[in-house]
Amino acid sequence: MDERTDRRSYEGRTIAVTFEAGRCRHAAECVRGLPEVFDTARRPWIRPDGADAGRVAEVVRRCPSGALRYERTDGGEGPRPVRTNEER
């Protein structure tokens, strides 16, 4: 099984965050950016409702590996996930 297909989704009220473990490079941008949402010592480790959807999206976009992605489920406007070079 290819590790890159190991993708989990974490659903919040206004935003859903997906995490692809095989892509993660452990830069910890998410943990430093929003520890109230991303906490590796907690299960589940991603709690999208821990902050405003706009802030969650902003931190997800900082993920250098593209392991984190998001989808706004509230119909909210805002930037979409950044595509990696592999996807272009």
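Throughout, residue positions are numbered sequentially from 1 according to the sequence presented.
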Query raised in the report: Does Arg8 CZ have over 12 foreign heavy atoms under 6.0 Å away?
Result: no

Query raised in the report: Got a donor-acceptor contact below 3.5 angstrom from the Asp6 side chain to the Gly22 backbone?
Result: no

Query raised in the report: Do the non-hydrogen side-chain atoms of Leu68 and Thr18 ever get within less than 4.5 Å of each other?
Result: no

Query raised in the report: Atom CH2 in Trp45, atom OH in Tyr10: separation rounded to 0.5 Å?
Result: 7.0 Å

Distance-only check: which donor-acceptor pairs under 3.5 Å involve side-chain atoms of residues 26-43, not counting sequence neighbours?
{"unit_1": "Glu29", "atom_1": "OE2", "unit_2": "Arg32", "atom_2": "NH2", "d": "3.1"}
{"unit_1": "Arg32", "atom_1": "NH1", "unit_2": "Ala27", "atom_2": "O", "d": "3.2"}
{"unit_1": "Arg32", "atom_1": "NH2", "unit_2": "Ala27", "atom_2": "O", "d": "3.1"}
{"unit_1": "Glu36", "atom_1": "OE2", "unit_2": "Arg55", "atom_2": "NH2", "d": "3.4"}
{"unit_1": "Asp39", "atom_1": "OD1", "unit_2": "Ala41", "atom_2": "N", "d": "3.0"}
{"unit_1": "Arg42", "atom_1": "NH2", "unit_2": "Val37", "atom_2": "O", "d": "3.2"}
{"unit_1": "Arg43", "atom_1": "NH1", "unit_2": "Thr40", "atom_2": "O", "d": "2.9"}

Report summary line: Output for pair (Ile46 CD1, Glu11 CD), nearest 0.5 Å, gives 11.0 Å

**Report entry** Least distance between heavy atoms, Thr14 atom then Ala53 atom
**Finding:** OG1-CB, 3.3 Å

Query raised in the report: Pick one: which of Val56, Asp74, Val60 meets side chain to side chain contact (heavy atoms under 4.5 Å, CB included) with Ile15?
Result: Val56

